[in-house]
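One structure is given here, and the rest of the page talks about it.
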There are 2 protein chains.
Amino acid sequence: MNKNIYMHIYNDYSAQIQSGSLSTGQKLPSENELAEAYGTSRETVRKALHMLSENGYIHKIKGKGSFVLDTQRMSFPVSGLVTFKEVSERLGRSVRTIVYENDCVPSTAEIARCLQLKDPGPVWKVVRAREIEGEKIILDKDYFLTTYVPSLSLEAATNSIYEYLEQKLNLPISYAKKEISVEEVTPEDKLLLDLYDYQHIVVVRNYVHLVDTTLFQYTESRHRLDKFQFVDFARRAQN
Amino acid sequence: MNKNIYMHIYNDYSAQIQSGSLSTGQKLPSENELAEAYGTSRETVRKALHMLSENGYIHKIKGKGSFVLDTQRMSFPVSGLVTFKEVSERLGRSVRTIVYENDCVPSTAEIARCLQLKDPGPVWKVVRAREIEGEKIILDKDYFLTTYVPSLSLEAATNSIYEYLEQKLNLPISYAKKEISVEEVTPEDKLLLDLYDYQHIVVVRNYVHLVDTTLFQYTESRHRLDKFQFVDFARRAQN
DNA sequence: TTTGACAACCTGTATATACAAGTATGGATT
DNA sequence: AATCCATACTTGTATATACAGGTTGTCAAA
């Protein structure tokens with residue numbers, strides 16, 4: 001789990017801050033103290049602290065030290081590739097996944113464009129609804145390159161696809177681009193979700209790349225207006 | 001401008017990649033070559049490359065090198081504290097700012113809560129509409145702690161407030177939290193924007209902190225549904 | 001009491017070095 | 001031709017060191 005020293009330190013402190021055992025505003029030990037405590041060098045400690053700072057856990061002030069930020073108010077997700085399953089588990093809500101479709105289909109023109117396919121071959125398509133506290137609120141439409149994902153079991157689709165891809169198929173997922181916009185509801189949305197009379201729906205398009213930069217997955221996550229929330233943490237520079 | 005060596009390298013390459021003079025997939029010089037070229041050490045080069053990677057400009061592969069990512073497709077903003085003025089200037093659109101309000105007001109209960117005020121004193125309030133290609137599309141409502149921003153000229157409100165705060169007042173803005181959600185339109189929205197018949201509006205709440213972690217500004221940016229877009233870049237880990 | 005100089009501590013930047021581990025290449029062996 | 005291996009090059013992690021510059025508290029001088 002903690003292969004690297006700096007990851008070890010990062011995990012220690014991110015866990016402590018998330019659990020609340022370190023409270024907001026509290027001062028962390030100095031870099032030199034941490035280096036001694038972990039039996040490592042200051043630079044290694046600094047790498048861990050920099051990550052904590054980047055991810056909104058702490059705040060560093062030159063000449064003073066590192067201080068815990070208010071992560072309770074931050075809620076989730078503090079940006080990053082956080083899957084639906086991860087978020088809902090954290091919130092402790094009753095969640096159910098309904099798989100409407102899970103098979104290999106020829107790619108439409110639109111999907112070929114989204115996945116940057118030259119020759120529109122087949123893609124693996126998964127359509128799922130996410131039911132939270134009894135209401136079908138999110139419609140997830142996933143498309144995978146069959147080169148990397150030749151097929152997917154119903155079990156994997158019902159649970160976390162990411163877990164399956166990373167742990168079973170060992171696919172090296174690297175980075176993703178998210179696009180959030182609001183669009184008019186489609187007949188499919190009305191059919192598969194509990195939409196009431198809402199005329200619009202929040203669409204989160206997710207383009208997922210592997211470490212060799214190939215785009216291998218395109219996901220459309222369609223959220224009912226009233227249940228959508230996105231949280232982002234950003235730093236002005238390298239403070 | 002380029003106080004630090006690693007900032008210098010970062011600025012050089014981020015500019016080249018944004019301008020397109022380095023094309024997608026192109027390989028950057030190796031860390032050792034860059035260190036020699038800039039007359040610096042490898043660690044300093046690595047700091048710059050890490051920043052380029054974090055901000056979605058490049059992608060590093062162990063044993064191979066650093067490669068330019070497709071930033072054209074990324075569009076803007078690639079997350080971060082990018083102001084409206086910065087974005088619109090990049091897009092080269094005709095933009096006009098209409099200042100509806102720019103004065104000191106007593107804080108309401110809601111504003112006091114957003115700014116975490118103990119005793120609800122006065123705050124500086126700015127209400128502006130953003131007109132893009134002739135349509136009033138965005139309503140920006142800014143609230144500042146009078147401790148830091150005692151007053152604001154109409155000129156500063158019309159142009160970029162951030163520019164004024166950072167360059168004139170020298171306020172050390174550090175980090176911010178964004179919350180995106182969709183809400184029902186208010187009578188004020190209908191009055192001040194060109195909303196057609198839309199019943200909902202995208203609300204981006206922005207909580208801006210200084211380097212001493214004090215929350216000094218709260219901004220509500222209300223976007224017409226059809227014109228809203230948010231782009232985010234995220235890495236799975238420290239690849 | 002106030003001011004100023006100083007020391008002690010803190011983080012930020014930069015350098016040099018070492019080794020681990022992934023990638024590509026070319027040559028020898030099979 | 002195909003396989004294996006050594007080699008050189010790449011990035012990743014870790015250490016030690018040095019100095020710059022911000023922060024805080026102390027102590028002496030005004």
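Computed over heavy atoms, backbone and side chain alike; hydrogens, waters and symmetry mates excluded.
- One finds no side-chain N or O of A:Tyr6 lying less than 4.0 angstrom from the OP1 or OP2 phosphate oxygen of D:dA14.
- Ring orientation note: the planes of A:Tyr38 and A:His8 are nearly perpendicular, at an angle over 60° on the 30°/60° scale.
- Checked by atom type and distance alone, the side chain of A:Ser53 never pairs as donor or acceptor with a backbone atom of A:Leu49 at under 3.5 Å.
- For the pair A:Ile58 CD1 and C:dT11 C1', the interatomic distance rounds to 11 Å; values are reported in whole Å.
- Here the side chain of B:Arg46 is nearest to one of D:dT11, C:dT13, C:dG12, namely D:dT11.
- Between the CG atom of B:Leu28 and the C1' atom of D:dC9 there is a distance of 16 Å, given to the nearest Å.
- Rounded to an integer number of Å, the gap from NE2 of A:His59 to P of D:dT23 is 12 Å.
- By the salt bridge (Lys or Arg N to Asp or Glu O under 4.0 Å) test, B:Glu101 is found to be paired with B:Lys125, residues two or more places apart in sequence or in another chain being considered.
- Using cut-offs of 30° and 60° on the angle between ring planes, the pair B:Tyr207 and B:Tyr218 is tilted.
- Of the listed residues (B:Val203, B:Asp142, B:Val204), just one forms a side-chain contact (heavy atoms from CB on, under 4.5 Å) with B:Glu220, and that residue is B:Val203.
- One can place CD of A:Glu36 at 19 Å from P of D:dA14, the figure rounded to the nearest angstrom.
- The separation between A:Leu34 atom CG and C:dC9 atom P is 17 Å, rounded to whole Å.
- The nearest whole Å value for the distance from the NE2 atom in B:His50 to the C1' atom in C:dT13 is 16 Å.
- Atom NZ of B:Lys47 is separated from atom P of D:dG12 by 16 Å (rounded to the nearest Å).
- Two residues are said to be in side-chain contact when any heavy atoms from C-beta on lie closer than 4.5 Å; B:Tyr10 and B:Lys47 fail this criterion.
- Each of C:dT13, D:dT11, D:dT13 was ranked by its minimum atom distance to the side chain of B:Ser66; first place goes to D:dT11.
- At least one donor-acceptor pair closer than 3.5 Å links the side chain of A:Arg128 to the backbone N or O of A:Ala157.
- Taking atom CG on A:Asn32 and atom C1' on C:dC9, their separation rounds to 9 Å, with Å as the unit.
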For nucleotides 15-24 of chain C, read 5' to 3', which letter fits each nucleotide if B means a protein heavy atom sits under 4.0 Å from the base, S means only the sugar-phosphate is that close, and - means neither? BB-B--SBSS

